[in-house]
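Below: one structure, written as structure tokens.
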Amino acid sequence: MKNYDYTAIEQKWQAYWDKHETFKATDCDGDSGKGGYFILVEFPYPSGQGLHIGHPRPYTAMDILARYRRLDGYNVLYPMGWDAFGLPTENFAIKNKIHPAIVTADNIKNFTRQAKAIGFSFDWSREINTTDPAYYKWTQWIFLQLFKKGLAYKKEMAVNWCTSCKVVLANEEVVDNACERCHSEVVRKVKNQWMLKITEYAQRLIDDLADVDYPARVKSSQINWIGRSTGAEVIFETKCSGETEANHTMRVYTTRPDTLFGATYMVISPEHPYIEKWTDKLANMGEVRAYQEKSAKKSDFERTELAKDKTGVKLDGVFAINPVNGAQIPIFISDYVLMSYGTGAIMAVPAHDTRDHAFAKAFNLPIIEVVRRSSVLPSDLAKNTVSALGREQSELNQGNVQSEAFTDCDSGVMVNSDFLDGLSVEDAKVKIIEWLAQKGLGEPKVNFKLRDWVFSRQRYWGEPIPLVDCPKCGWVSIPESELPLKLPEVESYMPTDNGESPLAALDDFVNTTCPECGGAAKRETDTMPQWAGSSWYYLRYCDPDNTDALISPDKLAYWTKGGTKPIVDWYNGGMEHTTLHLLYSRFWHKFLYDIGVVEMSEPYAKRTAHGMILGDDGQKMSKSRGNVINPDDILRDYGADALRLYEMFVGDFEKAAPWAVTGIKGCKRFLDRVWNLQENVIDGDKYRPELRSAFHKTIKKVGHDIETLKFNTAIAALMALLNEVTATGAVNKAELRTFLILLNPFAPHITEELYEVCELGGVVNAQTWCAYDEALCKDNEVEIVVQINGKVRAKAIIESGCDKAKMLQIAKDALGSTELAGKTVVKEIVVPDKLVNIVAR
RNA sequence: GCCGCUGUGGUGGAAUUGGCAGACACAAGGGACUUAAAAUCCCUCGCUCUUUGGAGUGUACCGGUUCAAGUCCGGUCAGCGGCACCA
């Protein structure tokens, strides 16, 4: 027997797969196939550091699924590509004075080498690269369609500006007021930006989650992020002091229209446009201006996180009229009201909103109770009268809205509210909205927290935005025939402090003619964000070389089974992309659906999310912590199969797991023992009787566990099976064959090698997945537990599947005579093949 | 504050529908082989008693349902994730 020379074996089979194009997917069904199956992993950003030890976890998991599905007869598409635009490459290029395209090519080469060395069964013939003009031609094409449909627009607005990257960030890229990428401070900066109207899709992005198989935590994160709330817009008339006629109407948004009788003042955002209308009416305009300036200077961080103490200025000279009771109420400006949400104005009900309450206390404003806790809740009564009454006692004593706002909607009853009195909050909402609508004073309204997607970036290494600004025609798209609009060569990629893209310095690029009128015009010099290319890449894998269309209808039809299912069957990626890439790509896909490019409104049928690989100290791996593991070292010391096995065995795939050297040693030991199976292979075309049920059970378990991402228990089952086999001192050919096929998706190299060495015929990849017989998954005899009053008192062996009466008899025999002496049997519970429990007193 | 999730040995983690808690590994201890070490193989391994047969106890905590609870229900505590001056 040769040594287990994993390096030689792994290189040998990797070369074999390359040469035979073993994993190439076709765009049609083969003779005996079960059809196409598209498995997707998030394509990586090819950084200069090479593959991170975390990358192989999702790639291996989906590789196992891909190999399993292929053996099971599917035409599997498991592709890989490169999300290669981005700042680190650009920064590296600046520092080392190398063109980013060259840096990218080098990085991709390194990533490819590493990925191949781990033995992933990617279809390399479909490799894509977002920085390839042949690819970004279609990214630009999609942008132009968005522009043509009015979903891309340019707007002057306050945006998030990363002080270190010198670039605008989308809301999704700002985490705790810091740049998602470099963690530097983010400040507000007013800039003219291209925006995409993702808000137009907000409702559909929530609704369609019902049709896809995503983890609950992913769905709830997206729903939270989109932030739907239902309420009403209510129209208040405003008057200036001393005037009798109302001069303007002010719309406010509220989720609690039921509390309208408790609205004792109004607050509008410091940026609210009405302030300009009132400039000459306000007695304290100087104070107002000062406050406006102060809030404009505050960063979002100061405005939201720190400024919990309410500040504001009363607009001296105007007031609003509460439409339900005609009460004249003061109007304030305060930065706790945001211009970007709702109408930028609220009615304040201090009795029933904690923020309004704090403001009312600070400014000594009246607090009117309009909702009171009902005495006893019906739901509580049903459960336990005593505790409900106890609760009522204790909480009635605290129920003073002068000291604290009462915000519970479920247990409230309306008071001090005229025609709403006595109603529940829920009923009052319905009634007041009807009343308002009837009088033309308001209507139901849905609002979303989701903001439009800030799409411009002031950097070089991104897709150029294919638009031209013409003094006569405005923004005009370049003809589609001119796509791709290639990135021009530049001398310097340095970002500028004034917030302009490096492209702006290139007169040859900037100055052009208007495609509509032919006059002199200027090109847009901002580029697209990193998220552009990844928003549709999965489509391109189905038709990577098509020069005429983004994807051909034939290929689309094949991979969507005639438009009856989302194109990607199973998509695995990181939780960190839930409100970024995953949301963006769903948005783009819906747009492509609306313009007829695709046939289903959702791109991914099933989404799963892997946990991170942490350092051996349990912390996130990072250079500064010095806990980074290099995959190349692991491949050298233990081999690819051991690495794959370990990353799958380390724990629950969906949870984070710390790296442990001792763990990979254990997996290597397992492979050594697998290798040693060849020492004593005996003839046999059936499983030996003593191992038969073990094999059938393991086949069933491994298949089931792969489907449900329980790779750790699948491997544990294979380890247990190996232990059983080696205990017999030999393995027969039928057993070895099955074992190698089951292990193949996890450890593809060693299994192929053993298959060859032991002359089992052909290669594993050409075999079909093993079948199991449900009837044979059971042992002939099973051990059952005999309990008395739920405590184990004896064990017995019974014939599997024997009837209950017989089981009971065997159980009683096993107990012996003394156990039940002097006791009366009350009840006998028999669970087939499991246990007997005798209840006795 | 709102929404979602999770608490099991020294460690990572197992336990279809409620049915023997701790599979499979790691670490540790003991033994075999060896001049020795590494590697490999064998044994022990939740905790507490123990006459070495076993007995009791144990899945964050308190209570409930049940013949039977890691699993279901109510409450408490701790941790993780998402949202958050979003009206």
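Heavy-atom basis, side chains included; hydrogens, waters and symmetry copies ignored. We name chains A, B, ... by the order of the sequence lines, and we start the count at 1 in each one.
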Base, sugar-phosphate or nothing for [X]? Non-hydrogen atoms, less than 4.0 Å.
X	value
F649(A)	base
D356(A)	nothing
R228(A)	nothing
E783(A)	base
V785(A)	base

Next item on the list: Classify the side chain of K310(A) and the base of C85(B) as holding, or not holding, a donor-acceptor pair under 3.5 Å.
Entry: yes
Margin query: Would the base of C83(B) count as contacting K449(A) through its side chain, where contact means a donor and an acceptor less than 3.5 Å apart?
Written below: no
In whole angstrom, give me the gap between the [atom1] atoms of [N] and [M].
N	M	atom1	result
G58(B)	A15(B)	C1'	16 Å
C24(B)	C41(B)	P	15 Å
C62(B)	A55(B)	P	25 Å
G75(B)	U65(B)	C1'	15 Å
C33(B)	C45(B)	P	24 Å
C80(B)	A32(B)	C1'	47 Å
A68(B)	A21(B)	C1'	14 Å
U44(B)	A23(B)	P	13 Å

[atom1] of [X] versus [atom2] of [N]: gap in Å, rounded?
X	N	atom1	atom2	value
L718(A)	C24(B)	CG	C1'	11 Å
K710(A)	G12(B)	NZ	C1'	15 Å
E647(A)	G12(B)	CD	P	18 Å
E654(A)	G81(B)	CD	C1'	14 Å
K697(A)	A23(B)	NZ	P	16 Å

Notebook entry, point to check: Is the distance between the ring centroids of Y265(A) and F359(A) less than 6.0 Å?
Noted result: yes
Checklist line | Chi class for G53(B): syn within 90° of 0, otherwise anti | finding: syn
Margin query: As a test of the definition: with a 90° window around 0 for syn, would you call G9(B) syn or anti?
Written below: syn
Margin query: Heavy-atom nearest nucleotide on RNA chain B for G666(A) versus A216(A): which residue maps closer to 5'?
Written below: A216(A)
Check: Start at the 5' end of RNA chain B and walk down; is the nucleotide closest to M575(A) or to F448(A) reached first?
Finding: M575(A)
Next item on the list: Report yes or no: is the cationic atom of K697(A) (NZ for Lys, CZ for Arg) under 6.0 Å from the centre of the six-membered ring of Y772(A), at an angle within 45° of the ring normal?
Entry: no
Check: Near K710(A) NZ, under 6.0 Å, is it more than 12 heavy atoms from other residues, nucleotides or ligands?
Finding: no
Residue-phosphate contact under 4.0 Å: [X] side-chain N/O, [N] OP1/OP2:
X	N	answer
N837(A)	U66(B)	no
N712(A)	A25(B)	no
S229(A)	A87(B)	yes
R669(A)	A27(B)	yes
R217(A)	C3(B)	no
Y336(A)	A87(B)	no
K791(A)	U57(B)	yes

Note to self: Between E172(A) and W453(A), do the side chains contain a donor N or O and an acceptor N or O under 3.5 Å apart?
What the structure shows: no
Check: Which class fits the ring pair F653(A) and H610(A): parallel under 30°, tilted 30 to 60°, perpendicular over 60°?
Finding: tilted
Next item on the list: Both distances under 3.5 Å, Watson-Crick or G-U wobble: report the partner of C20(B), or none.
Entry: none
